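This report refers to the structure that appears directly beneath it.
Only a predicted model underlies this, so the values are computations on that prediction, with no experimental measurement involved. The residues of the chain are indexed from 1 along the displayed sequence. Only this structure's heavy atoms are used, side chains among them; waters, hydrogens and symmetry mates stay out.
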Amino acid sequence: MPSKVLGKRPASFQKRSERENKKAKVVKPVKASERKTIPIPEAPEDDDESGLSEQDLEFFAEDTSATKFLQNLDKTAIARSKNEQARLHALHKPIRQSNDRADSLPSIDSDDDEKSQYSWSSAVSSAESDHDSDVEQDYETKARPRRDSWDSDKSDIVERLPIKLADGSLQKVGEIRIARENSPSESEEEFEEAGPSTPPPPVEDVSTGARFGRPSVISVISLTSRKARVQAAKDQLGSICQDIISDPENSLGLLRRLHTFSLPKISTPTQPEPVTNDIIIRKLAFLSQMAVFKDIIPGYRVRSLTDAEKAEKVSQLVSRTREWEQGLVSVYQSYLRSLEAEIKAKGELAEVALQCMCTLLVEATHFNFRINIMSCVVSRLSKKSWDESSELCLQSLITVFKNDLTGLPSLEAVRLLNRMIKERHFNVHPNVLSCLLHLRLKSELSVRASRSHADKPGAGAGSEKPGHSNVNDRRHGKGKNGPKTHLSKKAKKALKENKEIEKEMREAAAEVDKEERAATQTETLKLLFVLYFSILKNHSPKSTLTLLPPALEGISKFAHLVNVDFFKDLLATLREIITRLRERETNGSESENVDNTAALRLQLLCVATASELLSGQGEALNIDLDDFVNHLYTLIIPFSITIGIEDRPQTQSQTRTKTSGVNSQAQSCADLFFRCLTLMFHSRSSNSNHPSWRCAAFAKRLAIASLSLPPASAARAIDSIRVLLAKHTTLDALLSTVDRASNGVYRPFVDDPQLSNAFASSFYELHMLCTSHCDARVRKEALRLASSS
């Protein structure tokens with residue numbers, strides 16, 4: 001039996017045991033984390049590629065202290081694996097002591113709901129319940145333990161967070177002092193107890209302090225030597241102006257610093273006591289600011305920002321530009337106020353300030369505060385006397401009038417002049433009105449613009465805008481530009497936005513609309529003629545003699561722009577002036593001290609103005625100028641015996657006009673007289689067609705007057721007679737020496753040319769002029785006229 005049991009095993013069993021033996025012989029690799037130690041690999045001795053260069057080896061050979069820490073390294077600790085390190089850490093970790101406290105709460109498994117219910121609701125109290133209630137009462141009434149951090153002296157000290165050591169214990173680091181935040185009430189109490197806090201130390205800004213290598217303004221003007229003071233100010237003003245012009249948008253501080261040098265007294269935060277400035281430094285500062293503003297002022301007017309514009313978000317570039325524009329306007333305003341104060345004070349710098357004002361008025365007419373500058377200049381012209389400063393202001397206004405394209409500066413200046421003259425009761429110098437002759441009204445309003453729309457470039461006389469053809473044609477689709485296209489709401493909105501953009505672009509391009517310019521110049525013309533008519537209506541002798549000549553000259557120049565309805569009233573006013581002057585001349589000349597030459601000039605000006613009125617659009621009116629013609633005939637004899645008819649009036653102003661070449665105030669009485677003759681008889685208007693008896697009367701009286709006229713005026717009178725003879729051939733009878741029969745006799749002392757009977761006489765005066773006149777030119781002209789027959 002045992003032999004049978006211990007018999008031979010099956011083949012399958014043997015194969016399985018062989019496989020298991022093979023698996024047992026294969027050794028599985030151990031992970032690095034499961035090992036206790038991981039050996040540190042060592043480099044072979046014959047390995048030349050150690051990764052170190054020769055420079056590194058030389059460095060470590062020279063400096064052995066850099067690798068000294070490698071000798072003290074614990075190779076065993078470095079070779080430990082991760083699991084071994086965790087095992088050793090858990091092995092040496094200290095065991096914390098349990099801190100179990102007796103808990104009076106019932107266990108979780110207890111079920112005392114009914115007992116608790118009866119105990120809460122029961123009204124019978126046992127001794128035990130009384131004891132518990134007393135304990136709770138003591139607990140409620142017992143004060144809470146006060147922390148140390150609540151104390152006022154330790155409230156600002158806080159402990160740092162502790163550090164946990166390797167053995168699990170906590171190590172305190174220390175304390176830190178922090179700022180305590182008090183409540184508003186506590187801070188107010190502390191402020192009251194501590195009193196007012198000390199203000200921060202004063203700091204000077206760039207306008208007064210020492211900046212960019214420049215000494216402060218106070219230190220410059222406080223130098224003891226005046227020569228050194230002025231030289232230091234010159235150097236600093238020159239460098240400041242150069243920096244401002246090189247980069248204007250980043251130089252607002254330097255602009256304020258430049259303005260500080262022009263102040264009469266300068267004070268700074270560090271030195272509040274004002275220091276008096278030197279007058280030479282102020283003069284240099286005024287002129288420097290004027291030159292700088294001429295260069296950096298933009299070519300547009302800066303307006304103040306609205307609240308909506310200030311609240312909206314803009315880009316950094318736009319914000320910087322706005323800040324610079326507002327700052328520039330602020331400094332410019334301060335500069336103008338300083339100039340105005342100097343002009344009103346009439347000090348040593350008044351002339352310099354006025355020169356700066358006039359220069360800025362001419363160069364920066366488009367910029368802000370134009371009306372303020374004009375008011376200062378016009379107020380300077382309100383003086384009765386005339387000097388160099390008045391001439392400077394007058395020339396500035398004339399330049400503004402000549403360079404005005406929009407008409408707004410001219411309108412503002414005329415409004416200020418009109419107000420000033422009326423407030424002064426017409427007691428101003430006559431040269432003030434002479435600047436009004438340079439207004440651009442005659443050339444600008446000569447072509448009337450459209451009343452419905454402004455002319456656009458490229459639009460002809462018969463061209464029409466799209467969508468504006470005839471109404472009937474649009475209804476039937478037969479318009480010039482075809483049927484009107486239908487636009488959606490979106491397209492209409494886009495079209496409206498495009499129109500607004502085009503309007504802004506035209507404003508930016510400084511394009512002047514003809515409609516706006518015509519309306520502005522029409523308002524200027526109204527103010528101008530209101531001023532002229534008020535001067536004509538004024539009966540003051542002084543204003544009549546001084547302001548009438550420029551007023552009449554202005555009326556005669558702008559007569560073509562006056563409404564025809566006013567012509568009759570204007571001619572009646574001129575007749576009244578002539579009558580009033582003749583009465584003063586005959587009755588009360590000695591008592592009123594009226595100059596005969598001035599009165600003669602005014603009468604000639606009235607005649608010339610009436611002729612100018614009817615030489616243009618007045619030709620359409622059927623108005624007879626016989627009164628003015630007869631009055632000119634009356635003035636021939638007084639004109640010939642008046643002293644100084646060829647002398648020009650003494651005026652300091654030398655203003656000239658484009659049309660006549662000279663101002664009326666610069667014309668002599670002789671010039672005005674022959675100008676009236678030219679307008680009456682030698683012009684091409686219909687009013688120059690006079691009957692022969694009138695021309696004969698004028699020719700005869702001119703021949704008589706030439707005997708007593710000065711040589712130049714006598715030659716001009718003979719030339720006027722020759723023109724009359726050439727125009728009217730019937731006057732040749734006056735040159736004939738043959739006896740002829742005539743009705744009546746010549747009456748030279750009658751002031752009516754129709755009643756003088758000039759054909760009953762002859763030009764016997766020519767014989768006297770040819771033979772016995774002292775001037776050779778007069779003799780030659782008289783001989784030429786006598787031989788023309």
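For the pair Glu502 and Lys496, the salt-bridge criterion is not met [side-chain N within less than 4.0 Å of a carboxylate O]. Using a cut-off of 4.0 Å between Lys/Arg side-chain N and Asp/Glu carboxylate O, Arg370 and Glu412 are scored as salt-bridged. A salt bridge is defined here as a Lys NZ or Arg NE, NH1 or NH2 lying under 4.0 Å from an Asp or Glu carboxylate O, and Arg675 with Glu612 meets this definition. In this structure, Glu309 does not pair ionically with Arg322, as no charged nitrogen and carboxylate oxygen lie closer than 4.0 Å. Between Glu523 and Arg517 there is no salt bridge, since none of the side-chain N atoms of the basic residue sits less than 4.0 Å from a carboxylate O of the acidic one.
For Tyr332 and Phe367, the distance between ring centers is under 6.0 angstrom.
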Check: Going through the distances and angles, do Asn277 and Leu263 end up as a side chain to side chain contact (heavy atoms under 4.5 Å, CB included)?
Finding: CA-CA 7 Å; Asn277 197 358; Leu263 299 178; 5.6 Å; no
> Which is it for Leu381 and Leu397 under the side chain to side chain contact (heavy atoms under 4.5 Å, CB included) test, yes or no, and what are the steps along the way?
Replying inline: CA-CA 11 Å; Leu381 291 174; Leu397 288 177; 3.5 Å; yes
task = Show the numbers, then the answer: is there a salt bridge (Lys or Arg N to Asp or Glu O under 4.0 Å) between Asp243 and Arg214?
result = CA-CA 12 Å; Asp243 293 344; Arg214 301 185 180 97; 2.2 Å; yes
### Query
Run the side chain to side chain contact (heavy atoms under 4.5 Å, CB included) check on Leu255 and Ile244 step by step: do they pass?
CA-CA 7 Å; Leu255 268 177; Ile244 292 174; 3.9 Å; yes
What side-chain donor-acceptor pairs closer than 3.5 Å can you find for residues 488-495, not counting sequence neighbours?
| residue | atom | partner | partner atom | Å |
| --- | --- | --- | --- | --- |
| Ser488 | OG | Ala491 | N | 3.3 |

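Checked by atom type, the side-chain pair Gln395/Glu391 shows a donor-acceptor distance below 3.5 Å. Between the side chains of Ser375 and Asn372, no donor-acceptor pair is found at a separation under 3.5 Å. Using modelled atom types and a 3.5 Å distance limit, the side chains of Asn431 and His429 yield a donor-acceptor pair. A side-chain donor-acceptor contact under 3.5 Å links Gln236 and Arg257.
Here the CG-CG distance, from Leu625 to Leu679, works out to 10.5 Å after rounding to the nearest 0.5 Å. A distance of 9.5 Å separates CD1 in Ile297 from CD in Glu363, rounded to the nearest 0.5 Å. The line from CG of Leu360 to CZ of Phe293 is 8.0 Å long, rounded to the nearest 0.5 Å. For the atom pair Leu416 CG and Ile421 CD1, the distance stands at 11.0 Å (nearest 0.5 Å).
Ring orientation note: the planes of Phe529 and Tyr532 are nearly perpendicular, at an angle over 60° on the 30°/60° scale.
In terms of the side chain to side chain donor-acceptor pair (under 3.5 Å) criterion, residue partners of Asn250 (sequence neighbours excluded) are, by chain and number, Asp247. Residues passing the ring-ring contact (aromatic ring centres under 6.0 Å, His included) test with Phe369: none are found, sequence neighbours excluded. With sequence neighbours excluded, no residue forms a side chain to side chain donor-acceptor pair (under 3.5 Å) with Ser330. In terms of the ring-ring contact (aromatic ring centres under 6.0 Å, His included) criterion, Phe261 has no residue partners (sequence neighbours excluded).
What you find for Gly327 and Leu252 is that their closest heavy atoms are C-CD2, 3.6 Å. Residues His366 and Tyr300 come closest through the heavy atom pair CD2-N, 3.7 Å. Shortest non-hydrogen contact noted between Ile343 and Ala353 is CG1-CB, 3.8 Å. Nearest approach of Glu342 to Leu349, heavy atoms of both residues: OE1-CB, 3.7 Å.
Listed for the Asn368 side chain is a donor-acceptor partner under 3.5 Å among the backbone atoms of Val302. Formation of a donor-acceptor pair under 3.5 Å by the Ser410 side chain with backbone atoms of Gly407 is not found in this model. No donor-acceptor distance shorter than 3.5 angstrom exists from the side chain of Arg440 to the backbone of Phe401, with no hydrogens or angles considered.
Applying the side-chain hydrogen bond (donor to acceptor under 3.5 Å, both in side chains) rule to pairs touching residues 289-299 yields His259-Gln289, Ser262-Gln289, sequence neighbours excluded.
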